[in-house]
Amino acid sequence: MIKIAWHPLYAHPLPEGHRFPMLKYELIPEQLLHEGTIAQQNLFSPEPVSEDIILLTHEKTYWEQLRDLTLSAKAQRRIGFPLNAQLLERELRITQGTIDAAHFAMSNGIAFNVAGGTHHAGSNWGEGFCLLNDQAVAANYLLNKNLANRILIIDLDVHQGNGTAEIFQNEPRVFTFSMHGDKNFPFRKEISSLDVPLDDGVQDEEYLSALNVNLKKAFERAKPDFVFYLSGVDVLATDRLGKLALSKAACKERDKMVLQACKDKNLAVQVSMGGGYSIDIRDIVDAHCNTYRLAFDLFG
């Protein structure tokens, strides 16, 4: 059975007018349940991740400032969320959800986290709505427990996975592949194992062609025995922050390319959802739900 991490705290209350679409974390499982793509037993609620696991990835001083809610106002502005105990618990549950999903993926081929993809969090900073880097923490956990030897992180959010790149810059067992908008946030990029910067306005055919070439390159160079996939939908033409011009159909085809490749290579894959900032939240939810629909067709 395909398992999906979700918890009510994922939909964290934000100040009115905040640009982050927190409501999507309620709407994605609701839509999937309503249409019958998933059943209630596909969902599981993760516990908060433990401190020792966090410290495999994040520096002690940064973690303690998060834990004790003593992060400076400047550091909180860089994250973009007001720091409080509930937000921290949310992040801890998201991170454990990705670890749990990695375990489930080993049994079932694929598993999801409705949230996560917090790839802007580096070893000692939070940024861009990211406090802890869920897939980086999970990757280090797998390595530490000898559950994987070589890991590929495929990051197709429109923004570069700068935190992920920084965390693994000296870790040859983790191959980081980021295909992202060149002139988009973060404006100071880190160096991934494979970076594919895209010009503003890239459309379906050019995007999918670039992905086809570089996805093969990533698998060949990484030689992974486990895959993490960040499937942000901020590549859509409707996205307020993305600057690319993909249709929903191309976004779905992108997911199919990644998931089919993992299935063909008999590689377990954990999927975190990443960003999406379209004006109409239905565009965000439908594009995210397409990833699940595909997975249930391929692996269900």
Side-chain angles (χ1 to χ4, degrees), residues 2-5 56-57 94-95 97-119 133-157 160-161 163-165 167-168 171-180 192-196 208 210-233 235 251-274 288 290-300:
I2 296 174
K3 302 296 281 186
I4 301 163
L56 295 172
T57 298
I94 287 171
T95 303
T98 294
I99 293 170
D100 293 343
H103 277 289
F104 283 123
M106 289 175 179
S107 302
N108 306 318
I110 192 168
F112 283 85
N113 197 335
V114 171
T118 45
H119 61 162
N133 192 315
D134 66 303
Q135 290 186 321
V137 171
N140 275 325
Y141 168 85
L142 294 184
L143 293 173
N144 182 261
K145 298 292 185 183
N146 295 313
L147 295 169
N149 296 310
R150 294 185 64 83
I151 292 171
L152 170 60
I153 301 178
I154 300 170
D155 187 338
L156 300 184
D157 192 275
Q160 194 215 28
T164 309
I167 286 166
F168 294 116
E171 175 49 88
R173 295 174 295 174
V174 179
F175 190 98
T176 54
F177 165 38
S178 179
M179 192 161 110
H180 52 264
S192 310
S193 308
L194 175 60
D195 281 305
V196 182
L208 294 174
L211 178 59
N212 182 49
V213 169
N214 288 286
L215 193 60
K216 289 175 182 172
K217 196 181 294 184
F219 277 108
E220 286 167 5
R221 289 174 56 188
K223 298 180 173 58
D225 52 21
F226 192 90
V227 178
F228 289 96
Y229 175 39
L230 202 173
S231 60
V233 302
V235 295
C251 190
K252 187 175 182 180
E253 181 61 27
R254 172 204 73 171
D255 291 341
K256 185 177 181 183
M257 289 168 69
V258 173
L259 299 186
Q260 188 72 60
C262 292
K263 189 179 184 197
D264 290 348
K265 297 173 190 299
N266 199 29
L267 290 167
V269 55
Q270 185 279 329
V271 186
S272 291
M273 304 321 296
H288 277 313
N290 275 339
T291 317
Y292 293 86
R293 294 167 187 141
L294 268 169
F296 277 76
D297 284 345
L298 286 171
F299 294 86

Could you give the side-chain donor-acceptor pairs of residues 262-271 under 3.5 Å, partners two or more places apart or in another chain?
unit_1: Lys263; atom_1: NZ; unit_2: Leu298; atom_2: O; d: 2.7
unit_1: Asp264; atom_1: OD1; unit_2: Gln260; atom_2: NE2; d: 3.0
unit_1: Gln270; atom_1: OE1; unit_2: Gln135; atom_2: NE2; d: 3.0
unit_1: Gln270; atom_1: NE2; unit_2: Ser272; atom_2: OG; d: 3.1

Study note, to complete from the structure: For Arg221, the salt bridge (charged side-chain N to carboxylate O under 4.0 Å, His left out) test, sequence neighbours excluded, returns none
Point to revise | Straight-line distance of Leu152 CG to Asp225 CG, nearest 0.5 Å | key: 10.5 Å
Point to revise | Side chain proximity check, Lys256 to Lys252, heavy atoms < 4.5 angstrom | key: no
Exercise for review: Would you indicate whether the side-chain heavy atoms of Leu147 and Phe226 approach each other to under 4.5 Å?
Suggested key: no
Practice item. Please report the shortest heavy-atom distance between Ala222 and Phe175, naming the atom on each side. Key: CB-CB, 3.5 Å
Point to revise | For Ala136 against Ile167, the heavy-atom pair lying closest together | key: CB-CD1, 3.8 Å
Revision key, fill the gap. Rounded to the nearest 0.5 Å, the CD1 atom of Ile153 sits from the OH atom of Tyr229 at a distance of 14.0 Å
Review point. Less than 4.5 Å apart, any side-chain heavy atom of Tyr292 and any of Ile110?
Key: no
Check your understanding: For Thr164 and Asn133, does a side-chain donor sit closer than 3.5 Å to a side-chain acceptor?
Key -> yes
Practice item. Keeping the roles fixed (side chain from Ser192, backbone from Ala165), state whether a donor-acceptor pair exists under 3.5 Å. Key: no
Study note, to complete from the structure: Distance col, row Leu56:CG vs Asn140:CG, nearest 0.5 angstrom, shows 6.0 Å
Check your understanding: Roughly how far, to the nearest 0.5 Å, is the CD1 atom of Ile2 from the OG atom of Ser107?
Key -> 12.5 Å
Point to revise | Phe228 CZ to Asp155 CG distance, which is reported to the nearest 0.5 Å | key: 13.0 Å
Point to revise | Plane angle bin for Tyr141 and His103 - parallel if under 30°, tilted between 30 and 60°, otherwise perpendicular | key: perpendicular
Study note, to complete from the structure: dist Thr176:OG1 -> Ile151:CD1 (nearest 0.5 Å) comes out at 12.0 Å
**Study point:** Pairing residues for Asn214 by the side chain to side chain donor-acceptor pair (under 3.5 Å) criterion, not counting sequence neighbours
**Key:** none
Review point. Would you call Val137 and Thr98 a side-chain contact if the rule is heavy atoms closer than 4.5 Å?
Key: no
Check your understanding: Do Val196 and Lys217 come within less than 4.5 Å of each other through their side chains, counting heavy atoms only?
Key -> no
Point to revise | Polar contact flag, side-chain donor to acceptor under 3.5 angstrom, Asp255-Thr291 | key: yes
